[in-house]
Amino acid sequence: MFSMISSTVHGAGKLLNVCLPGMTGDGESVGGENWCRYSDLNPLVDTATVMSYGMSWAGSAPGPVSPRSWLEGV
């Protein structure tokens, strides 16, 4: 899917920016975004924003939203 989007966007002379889940390794996200592989997306996009938050939320146990150790891993 990203390959097709990248081709379409770049073919129109535009840049492609994506927002990606924070991951500490392939398949290692807080929210289970196992589809995301930074290394596979790197050649397809121009810029990426890593959403490095979400460790704690309204429905989780109390805790920091972005603990330092996790941010350093991401």
Side-chain angles (χ1 to χ4, degrees):
M1 177 179 78
F2 277 96
S3 180
M4 183 177 67
I5 293 168
S6 179
S7 294
T8 302
V9 169
H10 290 132
K14 307 269 183 196
L15 299 176
L16 178 59
N17 177 58
V18 295
C19 296
L20 301 172
M23 314 263 304
T24 55
D26 284 347
E28 296 178 22
S29 74
V30 174
E33 294 86 0
N34 297 325
W35 58 266
C36 186
R37 301 282 185 271
Y38 292 161
S39 58
D40 291 346
L41 296 174
N42 186 47
L44 302 174
V45 303
D46 298 294
T47 60
T49 301
V50 176
M51 299 180 293
S52 54
Y53 56 86
M55 288 294 284
S56 299
W57 58 93
S60 75
V65 173
S66 299
R68 183 179 180 136
S69 61
W70 184 66
L71 287 173
E72 290 170 350
V74 170

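The chain is numbered in sequence order, starting from 1.
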Determine whether a donor-acceptor pair (N or O, by modelled atom type, separation under 3.5 Å) exists between the side chain of Ser66 and the backbone of Ser52.
yes

Separation of Leu16 CG from Ser6 OG (nearest 0.5 Å):
5.5 Å

Drop me the distance from Arg37's CZ to Leu41's CG, to the nearest 0.5 angstrom.
10.0 Å

With a 4.5 Å limit on heavy-atom distance, are the side chains of Phe2 and Val18 in contact?
yes

For Met51 versus Pro21, what's the shortest heavy-atom pair and its separation?
CE-N, 4.0 Å

In terms of hydrophobic clustering (I, L, V, M, F, W, Y; side-chain heavy atoms under 4.5 Å; direct or indirect links), are Trp35 and Val50 co-clustered?
yes

Taking all non-hydrogen atoms of both residues into account, name the closest pair between Ser56 and Pro64 and its distance.
OG-O, 3.0 Å

Is Tyr38 linked to Tyr53 within one hydrophobic cluster, defined over Ile, Leu, Val, Met, Phe, Trp and Tyr using a side-chain heavy-atom separation of less than 4.5 Å?
no

Donor-acceptor pair, side chain of Thr49 and main chain of Cys19, under 3.5 angstrom:
no

Where at least one partner belongs to residues 42-69, residue pairs that pass salt bridge (charged side-chain N to carboxylate O under 4.0 Å, His left out), sequence neighbours excluded
Arg68-Glu72

